[in-house]
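First comes the structure, then the notes that go with it.
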Amino acid sequence: MASPPSIDASAELLQELVDANHILHHQGIVDAFGHVSVRHDRDAARFLMARNMAPARVQPSDILEYAVDSGEALTPDPPRLYLERFIHSEIYKARPDVMAVAHNHSPAVLPFCIARGALLKPVCHMAGFLGGENHDGPALFEIRDHAGPASDLLIRSRELGAALARTLGPARVVLMRGHGCTVVAESLRVAVFRAVYTEVNARLLLQALPLGEVEFLTAGEADATRVTNEGQVARPWALWREQAQRSLQATEAK
Ligand SMILES: [Zn+2]
């Protein structure tokens, strides 16, 4: 399906964003909910994200341009948008280094967004990005501090997005109490990689905790493994993309 002519980002980036949506679904990181965006490759003041829909169903024609400044779609009569688009806009605003943002409610991560004092630090080499020098593990965003005791927990305003971006700080992942997590990276492929391995690390940690004292990666190990693994993201990307495409084709054939 052709992309709308109003989007002047490269066709490759649009397709990569569609693929990212499908991969995150196939990897079990998003279900009907969750979203992923990428900064525009010709204008840092814009980003690309789908309209309000389940990620598995996203096609190039569903991708819209958004303004980093407002978090609103740059189209005259926009379709329904994700309520939590301000997660993306405010992180792009606060972090010029961030090129992609993935927000999800992936299931093994949730316990670390619920249990007080639980730290999602790296325990396996694929998730070194969760730690490193000056990283104690992802911070936990407490929405009650900003939206009071009766919110729906969603980041539904620029102000809440800005508060979330402040809690994220210079980190790569921020946990959201009772809700999920948001992962950022310097590229779309790395953001998808981190979202998948944040879930894997959380699952491993939950499995290891009942067995005995957990050994976390040192800051040095976290940094070294991150550099090694993230230089190889093309490999999992190609595999996950193919798997997601096959799965979608099989679903369509039924
Ligand atoms: Zn959410």
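Remember, it's 1-based here, ligands and their atoms both numbered in the order they're listed.
- Shortest distance from the Zn ion (ligand 1) to Glu84 is reached at OE1 (N/O/S atoms only).
- Using cut-offs of 30° and 60° for the angle between ring planes, the His88 and Phe47 rings count as parallel.
- A salt bridge is absent between Arg177 and Asp145; no separation between the charged side-chain nitrogens and carboxylate oxygens falls under 4.0 Å.
- The angle that His103 NE2 and His179 NE2 make at the Zn ion (ligand 1), rounded to 10°, works out to 100°.
- Judged purely by atom type and a 3.5 angstrom limit, Glu199 uses its side chain to pair as donor or acceptor with the backbone of Ala108.
- Taking the Zn ion (ligand 1) as reference, His105 places its N/O/S atom NE2 nearest.
- In terms of modelled atom types and a separation under 3.5 Å, the side chain of His103 and the main chain of Gly34 share no donor-acceptor contact.
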